[in-house]
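Below: the structure, in structure tokens.
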Number of protein chains: 2
Amino acid sequence: MASEERKKSRVTLLDVARHANVSRATASLVLRKSPLVGNATRLRVEQAMRDLGYVYNIGAARLRVERSQIIGAIVPNLANPFFAELLSGIEEVIGATGKAVILANSGDQVERQDMLLQRMREHGVDGVILCPAAQTSSTLSDQITDWGMPLVQVLRHISLDLDYVGVDYAAGMHQAVDYLASLGHKKIAFAAHGPIHSAYQERVEGFRDAMLARNLDPGIIIRFPTQLGEIANATHLLFDHETRPTAVICFNHVVALGLSAGLHDRGLTIGRDFSLVSFDDVADAEAIRPKLTSVSTGPVTIGEMAARLLVDRIANPGLQPRHVVKDTTLHIRQSCGRPN
Amino acid sequence: MASEERKKSRVTLLDVARHANVSRATASLVLRKSPLVGNATRLRVEQAMRDLGYVYNIGAARLRVERSQIIGAIVPNLANPFFAELLSGIEEVIGATGKAVILANSGDQVERQDMLLQRMREHGVDGVILCPAAQTSSTLSDQITDWGMPLVQVLRHISLDLDYVGVDYAAGMHQAVDYLASLGHKKIAFAAHGPIHSAYQERVEGFRDAMLARNLDPGIIIRFPTQLGEIANATHLLFDHETRPTAVICFNHVVALGLSAGLHDRGLTIGRDFSLVSFDDVADAEAIRPKLTSVSTGPVTIGEMAARLLVDRIANPGLQPRHVVKDTTLHIRQSCGRPN
DNA sequence: CTGAAAGCGCTTACAG
DNA sequence: CTGAAAGCGCTTACAG
């Protein structure tokens with residue numbers, strides 16, 4: 001194995017070329033599967049690579065060619081399963097193109113996000129998929145254009161000058177409201193939480209529009225704590241409001257989990273005593289009882305679409321900005337009934 | 001802004017040096033905050049960097065120095081919230097050292113894992129945190145040593161020649177068994193699922209040992225489907241066994257979610273009609289009703305510890321292999337009662 | 001198909 | 001503190 005010697009000085013393309021009795025240029029061509037090199041030669045070079053334990057040095061290659069084969073992904077909260085699913089979609093399609101993805105967590109803080117973008121530039125990433133931190137200034141968009149950095153916004157947007165893959169949150173809200181209204185509900189609350197950003201606003205406005213369209217009071221909008229653990233204990237907020245709602249539409253799956261626990265704690269049976277619609281179901285939605293009726297957004301697919309857009313954008317930086325907005329699906333399960 | 005011109009040819013350290021009237025060597029020293037350079041000079045160079053919009057090129061630097069400032073993390077299942085929490089711990093401490101983390105998903109497939117390790121070598125990562133795919137051969141360990149690749153195994157291990165950060169699964173099983181036994185349970189099932197690996201075996205053996213130590217039948221070990229969605233429907237397996245158990249200890253939080261749903265579907269109230277102990281609680285454990293009593297393993301902390309070990313190992317490759325095994329905590333909540 | 005050569009952007013002795 | 005120079009491992013015309 002002679003591993004000791006090997007470690008001392010890494011084997012380089014020149015070593016391979018010598019071992020195979022070809023020039024370095026030829027070895028390089030074999031590496032990149034050029035058709036210029038004959039079959040016998042190719043085999044000889046490939047054998048040499050194996051014999052010597054050659055490892056391609058992407059970093060060195062990148063210095064000449066302007067391609068690092070790395071893309072960046074920045075999300076606001078890694079521990080949230082929703083973003084984990086998003087990432088798994090991104091990783092899958094980026095990985096399939098042979099590139100690697102650098103992962104970073106902005107914690108929804110703009111300064112941290114700035115730092116991470118800078119770090120990614122230093123690493124020479126070929127592009128970035130960004131779910132912008134709440135409060136990100138729209139001037140970041142100009143900066144990114146200025147840098148010439150291929151970037152796609154995902155789930156939240158700060159500017160329409162950049163690519164964007166998101167969800168038709170407003171339409172999702174209409175689905176939820178329409179469904180509850182069809183069951184006879186008139187007092188429907190919206191349970192929000194967390195930082196304010198485009199996806200937040202689109203949901204709230206979608207809710208308002210949908211309620212107004214049905215001549216219902218759009219004003220029962222209640223803010224819950226950010227942390228899942230505290231939401232259940234704040235369930236009373238739902239009933240402190242002057243008009244007691246008979247149903248609630250949740251901002252996301254975190255709120256839905258929290259309220260479904262909190263309603264249970266108050267002795268209310270969901271689907272019978274009170275109706276609840278979740279938003280964004282993630283994998284474990286199936287495991288909650290009663291099963292939650294939910295407006296599903298499909299984070300894995302969104303990740304995949306964002307990755308594809310980024311790959312396109314890298315290949316063709318001149319493209320006009322593209323915006324793809326995914327439809328939601330209402331999954332009717334067991335958490336809604338007629339109002340009492 | 002002159003962004004157009006800038007994009008054409010990136011600004012290099014030499015440009016900065018010229019703009020600041022110093023040599024390239026000096027500019028390089030400023031970059032790395034060497035004390036060799038005087039304050040006035042430093043400020044001048046830093047101003048030049050700002051004026052020109054200089055971006056440090058880590059890739060170029062790496063070619064000289066043997067440091068890419070990138071580490072790799074390979075997990076078997078990105079979409080599982082347990083691994084998402086693990087990653088968030090890793091990303092946090094690696095990020096704090098100024099390095100970036102390349103993320104990859106092996107899908108628990110060894111061939112894919114081999115490919116990913118190879119890719120990471122090509123990217124010149126400084127080290128890797130690996131949760132080995134099930135069925136990984138222990139010879140991978142020799143290979144890694146041969147490559148001289150700093151690596152820490154996390155949660156699962158294939159060889160004690162490498163660093164390892166894991167959990168004392170066996171002790172966790174003892175906690176669960178002891179607790180159930182103290183409530184009077186004698187027929188306790190173990191509900192397993194998924195691929196077989198060290199962490200799997202340690203749990204099973206821990207269960208057996210703990211049962212034997214109390215003179216209880218250690219044989220009620222039942223395999224459930226891998227997918228969360230199918231577990232609930234397989235709950236009957238619990239009762240198909242010749243000796244009907246009064247309690248179940250779950251392999252992980254996925255099984256616990258599935259069975260807790262399935263028991264509910266059978267009209268059984270958990271904590272009253274049947275007792276259940278979960279393993280690995282993740283953030284949303286708090287939101288399930290009844291609240292699940294659980295042996296908690298703390299994935300975020302494990303990620304942090306693994307990252308610290310890797311940083312140490314990179315700094316000091318000569319270190320003896322270290323193995324840190326984290327204690328579990330039994331969180332008693334509401335899912336267990338006396339047997340009927 | 002192949003060889004010699006230049007160059008990507010940095011770091012690192014070395015001599016001053 | 002500074003300048004000139006070599007070199008990290010690759011790719012890419014260019015001439016043959």
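Rounded to a whole Å, the CG atom of B:L31 is 8 Å from the P atom of C:dC10. A:I58 has its CD1 atom 12 Å from the C1' atom of D:dC10, to the nearest Å. When the P atom of D:dG9 is taken as reference, atom CE of A:M49 falls 15 Å away, rounded to whole Å. Distance, B:L14 CG to D:dT2 P: 15 Å, rounded to whole Å. B:N21 has its CG atom 12 Å from the C1' atom of D:dT2, to the nearest Å. Residue B:L13 contributes atom CG, which lies 13 Å from atom P of D:dG3 at whole-angstrom precision. With rounding to whole Å, A:L36 atom CG is found 14 Å from D:dT11 atom C1'. In this structure, the CG atom of B:L63 is 10 Å from the C1' atom of C:dT11, given to the nearest Å.
The backbone N or O of A:N57 lies less than 3.5 Å from no partner atom in the side chain of B:E122, so there is not a single donor-acceptor pair. Of the possible donor and acceptor atoms, one in the side chain of B:R156 sits under 3.5 Å from a partner among the backbone N and O of B:P132. A donor-acceptor pair is defined here as one N or O able to donate and one able to accept, closer than 3.5 Å; no such pair exists between the side chain of A:R67 and the backbone of A:D126.
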>> For a side chain to side chain contact (heavy atoms under 4.5 Å, CB included) check, start with the C-alpha distance between A:R119 and B:Q69, then their side-chain angles and the critical distance, and finish with the verdict.
In response: CA-CA 10 Å; A:R119 189 125 96 204; B:Q69 307 288 22; over 6 Å; no
>> Assess the residue pair B:E304 and B:K326 against the criterion (salt bridge (Lys or Arg N to Asp or Glu O under 4.0 Å)); give the C-alpha distance rounded to whole Å, side-chain angles, the decisive distance to 0.1 Å, and a yes or no.
In response: CA-CA 12 Å; B:E304 293 168 350; B:K326 187 173 175 288; over 6 Å; no
Distances under 3.5 Å only, N/O to N/O: pair up the protein atoms with those of nucleotides 12-16 of chain D.
from	atom 1	to	atom 2	distance (Å)
D:dT12	OP2	A:R32	NH1	2.8

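Stems are defined here as 3 or more consecutive Watson-Crick or G-U wobble pairs with pairing distances under 3.5 Å; those involving DNA chain C are C:1-3 with D:14-16, C:5-12 with D:5-12, C:14-16 with D:1-3.
Both B:A61 and B:V37 sit near DNA chain D, but only B:V37 has its closest nucleotide nearer the 5' end. Comparing B:R44 and B:R62 by the nucleotide of DNA chain D whose heavy atom lies nearest to each, the residue mapping closer to the 5' end is B:R44.
The shortest side-chain heavy-atom distance between A:L151 and A:T145 does not fall under the 4.5 Å cut-off. At a threshold of 4.5 Å between non-hydrogen side-chain atoms, the residues A:L78 and A:L87 count as touching.
Sorted by first then second residue, the side chain to side chain donor-acceptor pair (under 3.5 Å) pairs that include residues 315-324 of chain B, not counting sequence neighbours, are B:D312-B:R322.
Using a 4.0 Å cut-off between charged side-chain N and carboxylate O, B:R112 and A:E92 make no salt bridge.
Between A:T12 and D:dG9, a side-chain N or O to OP1/OP2 separation shorter than 4.0 Å is absent. The shortest distance between the side-chain N/O atoms of B:S23 and the OP1/OP2 oxygens of D:dG3 is below 4.0 Å. One finds no side-chain N or O of A:T26 lying less than 4.0 angstrom from the OP1 or OP2 phosphate oxygen of C:dC1.
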